[in-house]
Amino acid sequence: LSELNIRLLCPLPRRSIHSVAAPMVVAGHLPHVMGIRQPLLVRLSNWPDSGPTEWLEGPLWRHGAQRSIPFGDALFVECDDFAVVATNGFKRLSPGGPSVKLRFAYMITCESCTEVDGKVTEILCRYDPDSSGRFPNGTPVLNWVHAAEHEVVRVGAGVAGGPTQGEDCTLLCENEVRKYLRCDGIDEGGKHFELERLGSVEVAPGFAAEGFDCRWLSTREAPRQRAKPPEVARERARRAREERRDGGAAGFVGQGADCQGDDLDAVDLSDPLFLACASDRWAGLVALELREAWRFAGRDPNTLRPVAQGLFRARGLGFAADETAGGGDGVLPTAGASGLSSDFDLSCPAHVAGVRRRMRLLCPPQKSAAELVRAVASAGLSFPSGFSLELEGPCPPRPETTAPYVTSSAYLPAALARAISGPIVDVAGADGPRMLPEQQPTRLVVVETVAPSRFLLAEQRPAFGNHRFLPERFFDAWRGRPFPDYSAALEPMAALALVAVGLRVHSSLQVAKSGWPKLILDPCCGTGTVSAAARYCMGPLRLPVCAGDVSERMARRTAANLDKFFAGDVLFEEASAGAEGDAPMAPDPMQCQHIRVRHWDATKRWPLPSSCAEAAEGEGMLVAGNLPWGGSLAGKEEDAAEIVRCLAREFPQATLCLIVPEIVRQDCVDSGSLWILHQAPVAKKAALLVCRGKAL
């Protein structure tokens, strides 16, 4: 409250106003003035000769009356706000440095300084008379006082560790403070005011002709500077940025030199292209999933080459061998008795969660949009049945990129529509009657790639294989779960890719046995994203899925999330059931068909269902999980490492497909105690680890 507000609410004599305002010290409502502890003289070179003092205004109270501030050709600023040579990160006054803002005044720029015996005594600056209003964001703001119109404040030690380390000092502050303290000429002690950037003080009784005495009530500590990253980390980040910008496709991590990327400009127009998610975080996981799907289908994985970020080339393969025009209506239930379901096919190379489009180039890649328009016009493309045009532009890095990229260019689609012969048809969400393949409009896609930067025009080919595996429907449905936790939960696309990699690797290791696992275990379920992805991939098989978390709250939320989409298939087991050292769970033949969720510490052996008792050492078991990493790790690296060691020790014949902290992955590699099948970096501090406790 200001003095005016106090008068309106409580019409007391003027002498009593400050006795009413005194309790405001507790709430922090004090008059504010600028103060200087170590003054350094600033002279304005472009101030008019013999120019009068200019009076500016600033708030005396935080929300209330204004104060008058004198401004002229000579000012005082803090010594710490000036540096003869600006070091890295110094953004205040320095000769030839950037402009700074004087609080409630103008922008000034330092031109030179005067030194006497190696000590700066005066600095020369220019001020901008048109800069008294708003100023650019990020501009440093300095405190100052007029060199002639100011008050001297002698402050005694009152608070240890203050701006003067508890010693007596002399400060300069605005002369407006004397008007506030005198109050009709009555000299009173016990009044308080705040010196901006320094702290609050209490005035001693009686005023001297030259200044007055105060003591510290509270001080403001200097803000802590953020620790700079080590030079090695900065250099690693710089190299990563350069590789993303100039390095083209990085290839598959950890798969050898034979899998390095191809030149995008040399791609044959007859080679299929696969457009995957463009996320930097999950690029390694998507590449590994696509490669394993290619290998499981009996194709040479070396023919699959990255050519740009998120773009893969199937070298030497045509389109006709595995294309189907039909294959399902693409309708996937999102809830209800049947729940989320799919017909995930391990042997179908199209069933990859991270791949969004399968395309065929219509003209060679071009370096600019104008060159692409000219190349399309020269090619003389014609589509009598019509065509649609979709754009895939570069997208900012995000944890997940599953929707078409956003592009704001209107030039490219309009220019291409004029260069291509045929009617334009909008096929997005069309509910018309089914047409024969030769009657359907052609879906054209314009792709703007990064690393390298190119413009492509391609025809989107129909998906081959089973159409019931629709990852985008799973993404949309699972994002609507009752208890999301976006700070730590794995993205649905990454969870589906994680499970798909685990299923294919597990099946390739089961010689002369059923390819599907007997049990899928999610040891750190969080909100249940990996468990939901596993249940979705199982489809009508309804194989058992066990999930647990060290937090009972998260375990119960997982059960609630899963029950919404897989109603009747979720069983939450109390902690007493199947505790450590007890016999396996009750042999209910129907319970093995449920998703079983429990509160459990993954550093201990998991109590298996009695129906899976023959898998005591993990034979036929797939363990897929997202262990704590990054910010959620919070110094628990040893716990994460113990989870991996416990799973490998208790279930040595199980296939482990885990996202682990980078430090845990390195520890597993160095120890040599695991049979590591695949490893790939994901995010900045995590890695994908596919391994077994012992080799076959």
Side-chain angles (χ1 to χ4, degrees), residues 30-62 64-82 92-94 99-114 119-133 135 139-155 163-164 169-183 191 193-201 203 207-214:
L30 295 174
H32 288 238
V33 293
M34 292 183 289
I36 299 297
R37 179 164 48 101
Q38 297 177 345
L40 176 62
L41 182 62
V42 175
R43 292 198 180 275
L44 302 181
S45 60
N46 60 334
W47 187 264
D49 294 338
S50 303
T53 299
E54 182 179 354
W55 290 89
L56 308 175
E57 284 192 345
L60 177 63
W61 302 80
R62 183 163 300 179
Q66 299 289 309
R67 70 181 191 266
S68 298
I69 308 174
F71 184 85
D73 62 334
L75 311 170
F76 283 127
V77 297
E78 287 282 2
C79 282
D80 295 341
D81 291 335
F82 173 79
R92 284 162 286 177
L93 284 172
S94 62
S99 300
V100 301
K101 174 77 171 180
L102 297 179
R103 189 182 297 274
F104 309 122
Y106 303 100
M107 301 279 290
I108 63 171
T109 306
C110 180
E111 297 178 332
S112 62
C113 64
T114 302
K119 182 179 180 181
V120 178
T121 59
E122 179 181 314
I123 59 178
L124 189 65
C125 299
R126 292 181 61 87
Y127 87 105
D128 182 2
D130 299 326
S131 61
S132 60
F135 53 93
T139 303
V141 180
L142 308 185
N143 278 3
W144 59 278
V145 296
H146 196 279
E149 302 282 346
H150 63 263
E151 289 288 343
V152 179
V153 181
R154 294 177 292 275
V155 185
T164 54
C169 66
T170 301
L171 307 177
L172 305 181
C173 70
E174 303 174 40
N175 55 6
E176 183 75 10
V177 70
R178 180 175 290 271
K179 300 177 184 179
Y180 160 72
L181 295 174
R182 282 196 174 277
C183 190
K191 298 178 182 178
F193 64 94
E194 182 165 342
L195 297 171
E196 295 182 2
R197 293 176 56 183
L198 295 177
S200 57
V201 296
V203 181
F207 295 129
E210 296 290 338
F212 46 88
D213 298 326
C214 302

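Along the sequence shown, the residues carry numbers beginning at 1.
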Short side-chain to backbone donor-acceptor contact, [X] and [Y], under 3.5 Å:
X: Asp81; Y: Leu142; value: no
X: Arg154; Y: Thr170; value: no
X: Glu78; Y: Arg37; value: yes

side-chain hydrogen bond (donor to acceptor under 3.5 Å, both in side chains) with Asn175: which of Glu151, Arg67, Glu149?
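Checked Glu151, Arg67, Glu149 against Asn175; only one passes side-chain hydrogen bond (donor to acceptor under 3.5 Å, both in side chains): Glu149.
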
Students often mix this up, so state it plainly: with edges at 30° and 60°, are the rings of Trp47 and Tyr127 parallel, tilted or perpendicular?
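Trp47 and Tyr127: tilted rings.
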
Minimum-distance pair of heavy atoms, taken over all atoms of [X] and [Y]:
X: Lys101; Y: Ser131; answer: NZ-O, 2.8 Å
X: Pro70; Y: Trp144; answer: O-CZ3, 3.1 Å
X: Asn143; Y: Arg103; answer: OD1-NE, 2.9 Å
X: His146; Y: Phe76; answer: O-CD1, 4.4 Å
X: Leu93; Y: Ile123; answer: CD1-CD1, 3.8 Å
X: Phe104; Y: Glu196; answer: CE1-OE2, 4.2 Å

Using the side chain to side chain contact (heavy atoms under 4.5 Å, CB included) rule, take Val33 and Leu195 through it: C-alpha gap first, then chi angles, then the decisive distance, then the call.
CA-CA 5 Å; Val33 293; Leu195 297 171; 3.7 Å; yes

Partner of Leu171 under side chain to side chain contact (heavy atoms under 4.5 Å, CB included), chosen from Val145, Ile36, Leu198, Val152
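With Leu171 as partner, side chain to side chain contact (heavy atoms under 4.5 Å, CB included) holds for just one option, Leu198.
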
Quick one: [atom1] on [X] to [atom2] on [Y], what's the gap to the nearest 0.5 Å?
X: Thr121; Y: Leu40; atom1: OG1; atom2: CG; value: 8.0 Å
X: Ser132; Y: Leu56; atom1: OG; atom2: CG; value: 8.0 Å
X: Leu41; Y: Cys79; atom1: CG; atom2: SG; value: 10.5 Å
X: Ile69; Y: Glu57; atom1: CD1; atom2: CD; value: 8.5 Å
X: Phe82; Y: Ser94; atom1: CZ; atom2: OG; value: 7.5 Å

Report the residues that fulfil side-chain contact (heavy atoms from CB on, under 4.5 Å) with Pro140, sequence neighbours left out, ordered by chain and then residue number.
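Applying side-chain contact (heavy atoms from CB on, under 4.5 Å) to Pro140 gives Lys91, Arg92, Val100.
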
Could you pull out all donor-acceptor pairs under 3.5 Å where a side-chain atom in residues 105-114 meets a protein atom, sequence neighbours excluded?
| residue | atom | partner | partner atom | Å |
| --- | --- | --- | --- | --- |
| Tyr106 | OH | Glu54 | OE1 | 3.1 |
| Tyr106 | OH | Glu54 | OE2 | 2.4 |
| Thr109 | OG1 | Ser99 | OG | 2.5 |
| Glu111 | OE1 | Ser45 | OG | 3.2 |

Side-chain contact, heavy-atom cut-off 4.5 Å: Pro59 with His32?
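Answer no - side chains too far apart.
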
